[in-house]
Structures are given as structure tokens and as C-alpha cells.
**Student:** 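I have a structure here, written as C-alpha cells, and I will follow up with some questions on it.
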Protein chains: 2
Amino acid sequence: MGKQKRPPRLNDVAARAGVSTATVSRFFNNPEMVAPATAERIREAVAATSYIPNLVAGGLASNRTKLVAALVPEIAQSIFNDTIQAMIDELSDDGYTVMLGLTGYGDDRMLKLIDAAIGRRSDAIILTGLLTNPDVRNRLRAQPVTVIETWGLPPDPIDIAVGFSHRAVGEAIAQYVHRRGFKRPFLLTVEGTRAQMRHAGFIEAWRKAGHGKPTEERIPVPMHFSQGRDAFRRSRSLAKRPDVIVCGSDLLAQAVIIEAQAAGCRVPDELAVIGFGNVELSAEMRPSITTVSIDGARIGRMAVSVLRRRAAGEALESHNFDVGFTLIPRESA
Amino acid sequence: MGKQKRPPRLNDVAARAGVSTATVSRFFNNPEMVAPATAERIREAVAATSYIPNLVAGGLASNRTKLVAALVPEIAQSIFNDTIQAMIDELSDDGYTVMLGLTGYGDDRMLKLIDAAIGRRSDAIILTGLLTNPDVRNRLRAQPVTVIETWGLPPDPIDIAVGFSHRAVGEAIAQYVHRRGFKRPFLLTVEGTRAQMRHAGFIEAWRKAGHGKPTEERIPVPMHFSQGRDAFRRSRSLAKRPDVIVCGSDLLAQAVIIEAQAAGCRVPDELAVIGFGNVELSAEMRPSITTVSIDGARIGRMAVSVLRRRAAGEALESHNFDVGFTLIPRESA
DNA sequence: CTGAAAGCGCTTACAG
DNA sequence: CTGAAAGCGCTTACAG
């Protein structure tokens, strides 16, 4: 590799087809503009030369790159995977290329990736994680690029947001726990702004339902299975032994259940468990896990549909799109 | 967004710093070539204008895009995630942008993505899934791009391969099963060329150890948890009730174990289980799962290191890099 | 429906 | 260490 003869250019195709480069360019980008007979000659020339358009040159000339940057914290068992998958599926169908950037959970990586996305003149930047840094938010606002924040509904969106209210999720869980008659919830809250919002929603609704302050614990990110296991063990030595553990993620809920079962503690009879995220395994576990489902694929599709409307020059009636969520009662609580 | 004043160009920075565009270009790409005082003036001009280099124009002019295309089948609980993560981490440090393409398990998506990767003049294409189509393999060979196939060691690599022998994995599992004294293995083989190679390796080594043909079942991709559960149930009504189920993936192993436990069948006492992949959960399950570990992160890092050597113009002593694998005995078998 | 030509924003020999 | 200028491979008004 690396030492082949130079790849064919538009030039070569045009010469072979006996037309100008402009016509070949139109053949690729506005096929309806070229006469059928001409198109046929070009098609042959393309095949004969194995020509693949240079999108770098094309992007520079046209000022449209058909490149979308998707910036996500991580992909290993990420809750965002359905969104990413759906987004990439849809965008690929539209001829877009997706540049996936992994931001981790700090700001600096995110900054470098945003610069890379802008530097490559992406048509759009889609974020799944939360971008808190106000300078960067403003910097993005100053850029001629569509920015879509997903999985949340920030009060001051950079541009467009597609997500749901994390506070409402917390409230819904608290109401469910209350309705089911549990008295001593133990909250396993994951670090991070959004998890905190769910937590705050829970606390508020729980109080409103007439209860006192629940016991709780903070889990650092990235989460690990062992943290759920350890949390279960600690929960057994709490003064107020919990009757339900409200987990910040399905992974933690799985860990709690597996550890409980290994310890001979019956779920949900002796201890109920609630998760968040509705990963595939949660429906399959024994017992199956009561959790909150977010339609991640829908978020992805909606983000792309907004993008399409933007690309078509359409004005948007709103910049905040709420996809909602569903609490799914199952066996574990 | 989309209606801001035009972004600053190299031009604007150069004017402001009182130098030529060539010097500003060097400031970014060969900083050691510009005098400290000049560099300082440029630094200020860049800050003042919030200039972000246009990598599209740069790529066209320099014929180096610093773009790497990583083509993977999927990301939802993919066995390749560690490789992808490590690769992106390393490449980001080198200033590369990674375009992640999701190929699915068919050929046409892969073809489109390869064209996109070539069209954008990627410096390299990294594949984790298997590309079988010989036409496409040859087409890639004809392209001035570094191609790295990972997670396998094809007999006819397109360019460079970093992986391990799937056949050897199958053999190692068969030898382990034999050594542990199991007599009636039940193979849950996943569809796909590589899984078939592991399967073939098992069969051969199992025969060599003096055994007959094991019972088996084929699991279609994409895998689902329920397939493992169903397989367990069917295994209980087999004439030759298996003493160990050899699963094509840890996910299937988890499903078998969870279903076995729910059915009151003790693992490993009544039924042993072996997985493949060593996902995080496998060490954490009760019982923990005996499985084969592939150092996916190492594959990613090695792919990048090969890429670096290629980029540095170094000649490679070999085009096949074997990272091996490790069978990890745990509680389940 | 098609072509000649300018231009997209950089990089890089070449000369000094 | 720096600059003038050609060129990277396309797209797209403009004219016909």
C-alpha cells in the first residue's frame, strides 16, 4: 500500500467521457441536470477508471462536508449506544459520514474534539454527554454549525436539544416507590449533573409524599459492577435496613440483585430493586428489573430529523424536543 | 446558528500578525521552524481572531488528512469496544480524528463506508469485523491507504493484520474441557466465519483427545440473551444431557447461567458453562464465568503503533501481528 | 444541457 | 527564519 500510482481525478473521468469536469461533477451531485446519454458515458468512464470522488476537495469547494460529528463520553456499555446507532443508521442513509469522538468525562478531551469537528467543517455536532463549560458553549454558539444536545433538556441550549427531563424521571420513581408502599428507600446515585437532577427530583417528590430523607450513597463514574455489589453489602448493615434500593443504572441494579441472591436475600420479597436505563439484560434477569426506559433510538432519529429540516432551510418552531420516558414495572420492585 | 459572519481564515491571522500565510501555516504544522518572537505574535493573532484551522483545505493542500476510519459491525455491547476505545484514545493523542463507521453484518454497508473512507482520503482504514468479499479486498489493495484488519489473522491480509488465531482458541477450549474431565459438551456456536473457525478448532482438538462428536446448536447474529436461555432449556431435554455448555459468547454464558439458576440447576455442579470474550460482568457473576479473554485494548494499541511506524515511513518486518489470548478458569467450569 | 474559468483555504518547494 | 506563488481536486455562478 501507499505506493500505488496516483488515484484518478475528476479530470481523468471527464477526458475519458469527452465532457468537461463540470459535467462530471454534476453527474455526481445533481444527476437530474445531465442528459441521459451523457450520464451513460460518464458512468462508463467512472467504472473504467474506478474513480472515487475526493470529498476533501469537494468539501472545500462547496463548503458542505456532509460530515456530522457525534461526541459521546464512551461506548463501552454506554447508555447512549442506541442513540448513536440510530443516528448513524439514519445519517448514513442520507450520505453523511459520522465522525464519532470519545470525550471521556472531562472537559479537555471534549474541547479538542470540538475543535476537530469545527476544523473539519462538520455540518453538525451532536452531543450525548453534558457540556457544562460556559465558555465552550458560547464558542460553539459563535460557530456556523448546527449543534444538537441530546439526552437532556438544558435551560440554555446551545442550539437544539432533544431529550427528556431528568428531574421528572426522579419524581416518577419516587411516586412509584411511594405507591408500591415502600418505606425505606436506599438511593445509589451516580455522579454527574444529570444523575443529580434525577436525584433531586426523587428527593422532592418523596418529601412531597410525606416521607423523610432517604438514606443514600454516591457512586463515582465510570461505574463498575463491584460498586453495586459493595453497596448491597453495606446496605445490609445500615441501621435502617432498606426495603428498596433505587439504583442510578441498570448495571448497578444487576449487581445488587446478583449479590443479594448470592447472599440468600430474596428479591423482591426481602429487598426490591429499581434500575435506570432499561438495558437488554434488565428484562431478561431473574427477577426481571423494574426500571426507567428511555427510547434512545428515538432520540437519535429525532436529532437527525431536526438536522434534515435545518439542512433544508426550514425554520424550527422550537429548539427543545422532549421525547419523554417510561417507567417499566417488572418483577424486581 | 448557520448565519454568523464568515469564520476567520489563515489570511486574517497572517494580516493581524504581520506575517505571510506561509509562516502562520508553519506555526501550526512545523512550530520549530518559526522564530519565538514571530510565534508569539501569531499566537496572539490566533487568540484574537479565535481562528480554527480549516482541516479540509489543509488536507487537500497537504494530501494528509490525519483521518482514520474505523469500521466496526456495531457498538451495542460489542466485543470490539475495548479495541475501539484504545484506538481512539491513542489516535486522538496523535492528533488524528477517527471516523467510526457502523457496518452491520452485511456487505453493502461496508462497501459504502469504505468508499466514504477513501473519498475522504483517510490515512488509514481499520477493520474489526471480517471483510470477506474478495473484490472489495482487492479494491482496497489498489488504494493508497493503510488497511489494518484486527481480531483475526487472515491468510491473505489486505495489508496488515493484528489479531489472534480463532482456531487456536477453539482448540484451547476443547483441551480445557477434556482436562477438566467433562464428557458431554454442548456447543452453542454463533454464526459467522470466525466463530466457525473456533468451532472447527474445538471439534478437531476434541476428536484428537479421543472423544466423539459433541452435540451442538447454531445461534444467529445478532445474539440475544433469550437465545441463551432457550438453549439451556433445550439442553435439558437432550438425550445426552450435557455436563458443560460451551458458549460462543459471554452473553450467552450469562443467559445460560441465569436460566439454569432460575430452574434450580446448580452451576457448575450440575452443569458447567464456558463463555468467550471475558466481558466485565463475567468476572462478577455468581458463579464467575470461565471464559477466553482477548486483550482488545492491546489490539487497538498495536494497530495504532503499526500505523505510526507506517506513517514514519518505516518498513514492517511482518504484516501479521498475533496478540494471542488467555483462557481464564473461574467458577463456572 | 454543457463548458470555461474563478475560487474554496490551505501547504510547500523554491528562493532569499 | 520568512515570503511570493503555484497548486491540491473539486464546485458553481455565468454565459451560451
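Keep in mind it's a predicted model, so treat the numbers as computed, not measured. A, B, ... follow the sequence lines: proteins, then strands. Residue 1 opens every chain.
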**Student:** Please tell me if A:Ser25 has a side-chain N or O lying less than 4.0 Å from either OP1 or OP2 of D:dT11.
**Tutor:**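 Yes, because at least one side-chain N or O of A:Ser25 sits under 4.0 Å from OP1 or OP2 of D:dT11.
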**Student:** Answer yes when A:Glu40 and A:Arg43 have at least one side-chain N-carboxylate O distance shorter than 4.0 Å, and no when they do not.
**Tutor:**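 Salt bridge between A:Glu40 and A:Arg43, a charged N being under 4.0 Å from a carboxylate O: yes.
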**Student:** What contact category does B:Arg121 fall into here, base, sugar-phosphate, or nothing, at under 4.0 angstrom with non-hydrogen atoms?
**Tutor:**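 Since no nucleic acid heavy atom lies under 4.0 Å of B:Arg121, the category is nothing.
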**Student:** Under 4.0 angstrom, heavy atoms only, what part of the nucleic acid is B:Val19 near: base, sugar-phosphate, or nothing?
**Tutor:**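 The residue B:Val19 makes sugar-phosphate contact but no base contact.
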**Student:** Report the residues that fulfil side chain to side chain contact (heavy atoms under 4.5 Å, CB included) with B:Arg16, sequence neighbours left out, ordered by chain and then residue number.
**Tutor:**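 Expected list: B:Ala45, B:Ala48, B:Thr49.
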**Student:** Would you mind telling me which residue lines up with the more 5' stretch of DNA chain D, B:Ala57 or B:Ala35, judged by nearest nucleotide?
**Tutor:**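 Final value for this comparison: B:Ala35.
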**Student:** Tell me whether the side-chain N/O atoms of A:Thr23 come closer than 4.0 Å to OP1 or OP2 in C:dT2.
**Tutor:**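 No, A:Thr23 has no side-chain N/O under 4.0 Å of OP1/OP2 on C:dT2.
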**Student:** How close or far is atom P of D:dT11 from atom CG of A:Asn30, stated in whole angstroms?
**Tutor:**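 Rounding to the nearest Å, CG of A:Asn30 and P of D:dT11 are 9 Å apart.
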**Student:** Nearest whole Å is fine: how far is C:dG7 C1' from B:Asn11 CG?
**Tutor:**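 Those two atoms, CG and C1', are 13 Å apart.
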**Student:** Using the C1' atom in both, what is the distance from C:dT12 to C:dG16, to the nearest Å?
**Tutor:**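 Each nucleotide's C1' atom is 16 Å from the other's.
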**Student:** Report yes if the side chains of B:Met110 and B:Leu127 come closer than 4.5 Å at any heavy-atom pair, otherwise no.
**Tutor:**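 In short, these two side chains touch, coming nearer than 4.5 Å.
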**Student:** With a 6.0 Å cut-off (strictly less than), is the heavy-atom count around CG of A:Asn63, excluding the residue itself, greater than 12?
**Tutor:**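 No, because the 6.0 Å sphere around CG of A:Asn63 holds 12 heavy atoms or fewer from other groups.
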**Student:** Going by the rule ring pair (Phe, Tyr, Trp, His ring centres under 6.0 Å), which residues pair with B:Tyr96 if we only count those two or more places apart in sequence or in a different chain?
**Tutor:**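 Not a single residue meets the ring pair (Phe, Tyr, Trp, His ring centres under 6.0 Å) criterion with B:Tyr96.
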**Student:** Of the listed nucleotides (D:dT11, C:dG9, C:dC1), which one gets closest to any side-chain atom of A:Ala61?
**Tutor:**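 Out of D:dT11, C:dG9, C:dC1, the nucleotide with an atom closest to A:Ala61's side chain is D:dT11.
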**Student:** Sequence neighbours left out, what passes side chain to side chain contact (heavy atoms under 4.5 Å, CB included) with B:Pro73? Give chain and number order.
**Tutor:**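 In terms of side chain to side chain contact (heavy atoms under 4.5 Å, CB included), with neighbours along the sequence ignored, B:Pro73 is linked to B:Phe80, B:Thr103, B:Tyr105, B:Thr128.
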**Student:** When the P atoms of D:dT2 and D:dA6 are considered, how many whole Å apart are they?
**Tutor:**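 Taking atom P in both D:dT2 and D:dA6, they lie 23 Å apart.
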**Student:** Does a side-chain N or O from A:Ser20 land closer than 4.0 Å to OP1 or OP2 of C:dG3, or not?
**Tutor:**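 Indeed, a polar side-chain atom of A:Ser20 lies that close.
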**Student:** With sugar-phosphate meaning primed atoms plus P, OP1 and OP2, does B:Asn54 contact a base, only sugar-phosphate, or nothing at under 4.0 Å between heavy atoms?
**Tutor:**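 Touches sugar-phosphate only.
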**Student:** Hey, is CZ on B:Arg139 packed in by over 12 heavy atoms from elsewhere, all under 6.0 Å?
**Tutor:**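 Atom CZ in B:Arg139 is not crowded, with 12 or fewer foreign heavy atoms closer than 6.0 Å.
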**Student:** Check the distance between C:dG3's P and A:Met33's CE and give it to me in whole angstrom.
**Tutor:**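 A:Met33 atom CE is separated from C:dG3 atom P by 12 Å.
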**Student:** Partners of B:Phe164 by ring pair (Phe, Tyr, Trp, His ring centres under 6.0 Å), sequence neighbours excluded?
**Tutor:**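 Applying ring pair (Phe, Tyr, Trp, His ring centres under 6.0 Å) to B:Phe164 gives B:Trp151, B:His166.
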**Student:** Pull out every protein N or O sitting under 3.5 Å from an N or O of nucleotides 13-16 of chain D, one pair per line with the distance.
**Tutor:**
from	atom 1	to	atom 2	distance (Å)
D:dA13	N6	A:Arg26	NH2	3.0

**Student:** Specify the separation, in whole Å, of atom CZ of A:Arg41 and atom C1' of C:dT2.
**Tutor:**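 These atoms are roughly 11 Å apart.
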**Student:** In whole Å, I'd like the distance from the CZ atom of A:Phe27 to the P atom of D:dC10.
**Tutor:**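 Atom-to-atom, A:Phe27 to D:dC10, this comes out as 14 Å.
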**Student:** Could you check A:Arg120 against A:Thr65 for side-chain contact (heavy atoms from CB on, under 4.5 Å), going step by step and ending with a plain yes or no?
**Tutor:** CA-CA 8 Å; A:Arg120 290 187 196 277; A:Thr65 53; over 6 Å; no
**Student:** To the nearest Å, give me how far apart CG (A:Asn29) and P (D:dC10) are.
**Tutor:**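 Taking CG of A:Asn29 and P of D:dC10, I get 11 Å after rounding.
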**Student:** Taking a pair as Watson-Crick (N1 to N3 plus N6-O4 or O6-N4) or G-U wobble (N1-O2 and O6-N3), both under 3.5 Å, which stems of 3 or more consecutive pairs involve DNA chain C?
**Tutor:**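 So far as stems of 3 or more pairs are concerned, DNA chain C shows C:1-3 with D:14-16, C:5-12 with D:5-12, C:14-16 with D:1-3.
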**Student:** Select base, sugar-phosphate, or nothing to describe what B:Tyr51 touches, counting heavy atoms under 4.0 Å on all strands.
**Tutor:**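 The residue B:Tyr51 makes sugar-phosphate contact but no base contact.
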**Student:** Provide, to the nearest angstrom, the distance between the CD atom belonging to B:Glu40 and the P atom belonging to D:dT2.
**Tutor:**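 B:Glu40 atom CD is separated from D:dT2 atom P by 13 Å.
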**Student:** May I have the distance from A:Arg64 (atom CZ) to C:dC8 (atom C1'), rounded to whole angstrom?
**Tutor:**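 In whole Å, C:dC8 C1' lies 12 Å from A:Arg64 CZ.
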**Student:** Do you know the tightest heavy-atom contact between B:Lys66 and B:Asp94?
**Tutor:**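 So the two residues come closest at NZ-O, 2.9 Å.
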**Student:** Where the side chain of B:Leu10 is concerned, which of C:dT2, C:dT11, C:dG7 is the nearest nucleotide?
**Tutor:**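 It is C:dT11.
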